[in-house]
Undergrad: 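Sharing a structure with you now.
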Amino acid sequence: MKFQVSPEAFFQINVPATEILYSMVADLVNATSSATVLDVCCGTGTISLCLAKSGAKVIGIEMCPEAVENAKLNAENNNLPNVEFICGKAEDVIYTALSKCGTSEIIAVVDPPRAGLHPKVLKVLRGTTKIQKLIYISCHPDAAFTNFIGLCRTSSNNYKGSPFYPVQAMVVDMFPYTPHKELVMVFERIDNLQT
């Protein structure tokens, strides 16, 4: 696949490591044409487009307007019509994105900036029962830890919906001999797991 990237947009620059990361995510998502993938903090659409190749419908959310324009052009240039991008802060457009997912099963993929997901986005994802699987990609696991707790804590007035449970964790070494790693965590609903 080929990607256009604006100077303001985020893009993983170690291409061989990125290919490993995105292949791993695609395998973990294992989306079928009956599922919709919600890609939160999608940047230039690289993960969205890799997942759209499987035939799944993908809805991407990104706040950088230049990155969204890149993502739309990248979808067109790679002949992937089953992907749509929404420009805005995730906390402002999350409901719009979920409404575009329709009634199908939703698999969420989140790749937030270093600080992690906005609490409102986390609570909406947690409270959306159609999301039974969530893939969380983090370049700063210490900062993401609060998000992990929010996904897994018991239900309350503040955290609606069944909790998620971490079922798998992997690390991709993005820049060998440096501390830069990407942590990939797979979460599934507790009520969806077989005991």
Side-chain angles (χ1 to χ4, degrees), residues 3 5-6 8-11 22 25-26 28-76 78 80-139 144 146-148 150-151 158-164 184-189 192:
F3 298 99
V5 182
S6 295
E8 299 84 2
F10 174 80
F11 191 80
Y22 293 171
V25 171
L28 293 169
V29 168
N30 193 22
T32 64
S33 58
S34 65
T36 300
V37 178
L38 178 64
D39 186 5
V40 182
C41 305
C42 69
T44 56
T46 49
I47 293 175
S48 295
L49 299 179
C50 290
L51 297 174
K53 282 176 51 176
S54 71
K57 176 182 174 183
V58 182
I59 307 294
I61 300 173
E62 174 57 44
M63 66 183 254
C64 175
E66 294 84 4
V68 172
E69 289 306 311
N70 291 153
K72 290 176 180 177
L73 185 63
N74 292 336
E76 185 180 317
N78 288 287
L80 294 167
N82 52 327
V83 62
E84 182 178 345
F85 298 99
I86 300 170
C87 186
K89 290 182 178 180
E91 60 269 24
D92 296 336
V93 299
I94 187 71
Y95 288 109
T96 301
L98 286 169
S99 70
K100 291 181 178 287
C101 292
T103 59
S104 64
E105 170 196 358
I106 301 170
I107 300 169
V109 175
V110 298
D111 188 4
R114 296 179 78 72
L117 283 176
H118 188 281
K120 179 181 175 183
V121 176
L122 183 81
K123 289 176 185 178
V124 170
L125 295 174
R126 164 75 188 260
T128 303
T129 57
K130 290 190 296 183
I131 301 173
Q132 292 294 309
K133 181 191 273 188
L134 185 144
I135 313 296
Y136 196 114
I137 304 162
S138 176
C139 62
T146 302
N147 285 168
F148 299 161
L151 289 169
N158 225 2
Y159 289 88
K160 309 246 188 258
S162 300
F164 283 92
V184 180
M185 293 277 293
V186 180
F187 294 90
E188 291 185 12
R189 296 280 184 178
N192 195 40

Undergrad: D111 and V40: side-chain contact (heavy atoms from CB on, under 4.5 Å), yes or no, with the steps?
TA: CA-CA 7 Å; D111 188 4; V40 182; over 6 Å; no
Undergrad: Looking only at non-hydrogen atoms, find the nearest pair between Y159 and R126 and report the distance.
TA: O-NH2, 3.6 Å
Undergrad: Roughly how far, to the nearest 0.5 Å, is the NZ atom of K120 from the CD atom of E91?
TA: 7.5 Å
Undergrad: Is the count of non-hydrogen atoms from other residues, nucleotides or ligands lying under 6.0 Å from K53 atom NZ greater than 12?
TA: no
Undergrad: Quick check on side chain to side chain contact (heavy atoms under 4.5 Å, CB included): which of T96, V121, L38 does I61 satisfy it with?
TA: L38
Undergrad: Give the minimum heavy-atom separation between L51 and A26, together with the two atoms involved.
TA: CD2-CA, 3.6 Å
Undergrad: I'd like to know if the side chain of D92 reaches the main chain of G88, judged simply by a donor and an acceptor atom lying under 3.5 Å from each other, with no hydrogens or angles considered.
TA: no
Undergrad: Of the non-hydrogen atoms in D39 and S48, which two are nearest, and what is the gap between them?
TA: OD2-OG, 2.6 Å
Undergrad: Let me have the donor-acceptor pairs involving side chains of residues 63-73, under 3.5 Å, with sequence neighbours excluded, atom names and distances please.
TA:
residue, atom, partner, partner atom, Å
N70, OD1, S6, N, 2.7
N70, OD1, S6, OG, 3.0
N70, ND2, S6, OG, 3.0

Undergrad: Just wondering, do N158 and K123 contact through their side chains at under 4.5 Å, heavy atoms?
TA: yes
Undergrad: Say you draw a straight line from SG of C101 to CD1 of I131; how long is it, rounded to the nearest 0.5 Å?
TA: 7.5 Å
Undergrad: Measuring from atom CD1 of I94 to atom NZ of K89, what distance do you get when rounded to the nearest 0.5 angstrom?
TA: 15.0 Å
Undergrad: So L125 and V110, do their side chains get closer than 4.5 Å, heavy atoms only?
TA: yes
Undergrad: Please tell me if the side chains of S138 and M185 come closer than 4.5 Å, counting only heavy atoms from C-beta onward.
TA: no
Undergrad: Indicate yes or no: at least one non-hydrogen side-chain atom of Y136 is less than 4.5 angstrom from one of L134.
TA: yes
Undergrad: Using a 4.5 Å cut-off on heavy atoms from C-beta on, say whether the side chain of N82 contacts that of V58.
TA: no
Undergrad: Between N147 and L117 (side chain of the first, backbone of the second, donor and acceptor by atom type, cut-off under 3.5 Å), is there such a pair?
TA: yes
Undergrad: Which pair of non-hydrogen atoms, one from G45 and one from F3, has the smallest distance, and what is that distance?
TA: O-CE2, 4.5 Å
Undergrad: Whether K100 and E84 form a salt bridge (side-chain N of Lys/Arg under 4.0 Å from carboxylate O of Asp/Glu) is what I want to check.
TA: yes
Undergrad: Would you name the heavy atoms of E62 and G43 that are closest together and state the gap between them?
TA: OE1-N, 2.7 Å
Undergrad: Does some side-chain heavy atom of V29 sit less than 4.5 Å from a side-chain heavy atom of I135?
TA: yes
Undergrad: Given side chains that start at C-beta, do those of I59 and T36 come closer than 4.5 Å, heavy atoms only?
TA: yes
Undergrad: Measuring centre to centre across the rings, with the benzene-like ring taken for any Trp, is F187 within less than 6.0 Å of F148?
TA: yes
Undergrad: Which pair of non-hydrogen atoms, one from L122 and one from G150, has the smallest distance, and what is that distance?
TA: CD2-CA, 3.7 Å
Undergrad: Taking Q132's backbone N and O only, do any of them form a donor-acceptor pair with R189's side chain (distance below 3.5 Å, no angle check)?
TA: no
Undergrad: Nearest 0.5 Å please: distance from the NZ atom of K160 over to the OG1 atom of T129.
TA: 13.5 Å
